[in-house]
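Let me begin by presenting the structure, written as structure tokens, before commenting on it.
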Amino acid sequence: MKSISATALYSYTQCPHRIWRETHDDPALKDPPNEFVQLLWNQGIQYERELIEQQKTEISILDLSKIPAEERLSRTIEAINNKTPYIYQGYLEVDDLVGKPDLLELQGNGEYIPIDIKSAMGYKDGGNDEEEPKLK
């Protein structure tokens, strides 16, 4: 059985045919990512790592990014059971659903929320203290 990921759900919302193509098309026929897209991915990964390294000194973050994939689920569950405040690059799996959130943050009610780390802010400043920030 193939797992359903957040990426697959997003792809489906963009184009329902995309999931079928990603599942059934020959990967060898796909164009490789262009240099600009690759640059954006690399910059995003670098930004994430730098941000986590900076924050490790201020808050308790468990970094699972260097843990082998086959161990991440058990280490994520262990961290959740231990109420680790922040879990970076954890792995979640329930039935055929999987998730690989950038960061899991423990809330006051004992539940975790996923946080998506982005290198660009989603808002631009309103210009002065009286204006609300606006979506970019």
Side-chain angles (χ1 to χ4, degrees):
M1 180 185 326
K2 194 142 178 94
S3 296
I4 300 172
S5 67
T7 302
L9 291 173
Y10 175 78
S11 293
Y12 181 79
T13 65
Q14 299 305 300
C15 175
H17 303 288
R18 185 173 177 180
I19 298 297
W20 187 92
R21 297 202 62 127
E22 289 175 353
T23 304
H24 295 90
D25 280 354
D26 181 356
L29 298 176
K30 283 186 177 182
D31 289 337
N34 67 46
E35 290 180 25
F36 180 68
V37 169
Q38 191 66 48
L39 176 68
L40 291 175
W41 287 341
N42 291 341
Q43 285 180 338
I45 291 168
Q46 182 63 31
Y47 175 80
E48 266 187 36
R49 289 181 182 151
E50 289 173 5
L51 182 67
I52 293 301
E53 285 302 316
Q54 289 170 0
Q55 296 300 313
K56 276 184 179 178
T57 60
E58 298 176 28
I59 58 177
S60 178
I61 299 175
L62 174 62
D63 183 354
L64 297 179
S65 64
K66 294 173 181 71
I67 302 297
E70 60 273 5
E71 294 178 33
R72 277 206 198 160
L73 177 60
S74 63
R75 294 288 298 273
T76 302
I77 292 170
E78 180 183 326
I80 288 171
N81 289 337
N82 291 333
K83 302 287 188 210
T84 303
Y86 294 91
I87 305 167
Y88 176 60
Q89 292 292 312
Y91 183 86
L92 304 170
E93 186 176 290
V94 177
D95 300 325
D96 63 343
L97 303 174
V98 297
K100 299 174 191 172
D102 293 341
L103 189 66
L104 289 168
E105 178 183 37
L106 180 63
Q107 300 298 289
N109 61 4
E111 295 179 357
Y112 282 86
I113 61 167
I115 297 176
D116 191 22
I117 300 172
K118 294 290 183 208
S119 62
M121 294 181 56
Y123 291 91
K124 61 181 175 181
D125 188 13
N128 62 47
D129 292 338
E130 296 172 17
E131 292 182 39
E132 292 291 318
K134 297 181 175 126
L135 283 172
K136 287 185 181 179

Separation between CD1 of Ile67 and CZ of Arg75, rounded to the nearest 0.5 Å: 4.0 Å

A side-chain contact here means heavy atoms from C-beta on lying under 4.5 Å apart; do Leu39 and Gln43 qualify? yes

Interatomic distance, CD1@Ile19 vs CD@Gln14, rounded to 0.5 Å, equals 10.5 Å

Is any side-chain heavy atom of Lys30 closer than 4.5 Å to one of Glu22? yes

Ignoring hydrogens and angles, tell me if any N or O in the side chain of Arg72 forms a donor-acceptor pair with the backbone of Ser65 under 3.5 Å. yes

Tyr112-Leu103 co-clustered via ILVMFWY side chain contacts under 4.5 Å: no

Is the side chain of Asn82 donor-acceptor paired with the backbone N or O of Thr84 at a distance under 3.5 Å, no angle test? no

Can you tell me how far the OG1 atom of Thr13 sits from the CZ atom of Arg18, to the nearest 0.5 Å? 9.0 Å

Here the gap from Gln38 atom CD to Asn42 atom CG, rounded to the nearest 0.5 Å, amounts to 5.0 Å

Please round to the nearest 0.5 Å and tell me the distance separating atom CD1 of Ile87 and atom CG of Leu62. 6.5 Å

Looking only at non-hydrogen atoms, find the nearest pair between Tyr91 and Thr76 and report the distance. N-OG1, 2.9 Å

Would you say CD of Gln107 has more than 12 non-hydrogen atoms from neighbouring residues, nucleotides or ligands within 6.0 angstrom? yes

Rounded to the nearest 0.5 Å, how far apart are CD of Glu71 and NZ of Lys66? 14.5 Å

When you group the ILVMFWY residues by side-chain heavy-atom contacts below 4.5 Å and let the links chain together, are Ile115 and Leu106 in the same group? no

Would you find more than 12 non-hydrogen atoms of other residues, nucleotides or ligands less than 6.0 Å from His24 atom NE2? yes

Minimal non-hydrogen separation, Leu104 against Pro114, with atom names: CD2-CA, 4.0 Å

Shortest non-hydrogen contact from Gly90 to Leu64? CA-CD1, 4.0 Å

Minimum heavy-atom separation for Ile61 to Tyr88, with atom names? CG2-CB, 3.9 Å

Hits for side chain to side chain contact (heavy atoms under 4.5 Å, CB included) against Val37, two or more places apart or cross-chain, chain-then-number order -> Pro33, Asn34, Trp41

Can Ile52 be reached from Tyr86 by stepping across I, L, V, M, F, W or Y side chains whose heavy atoms are under 4.5 Å apart? yes

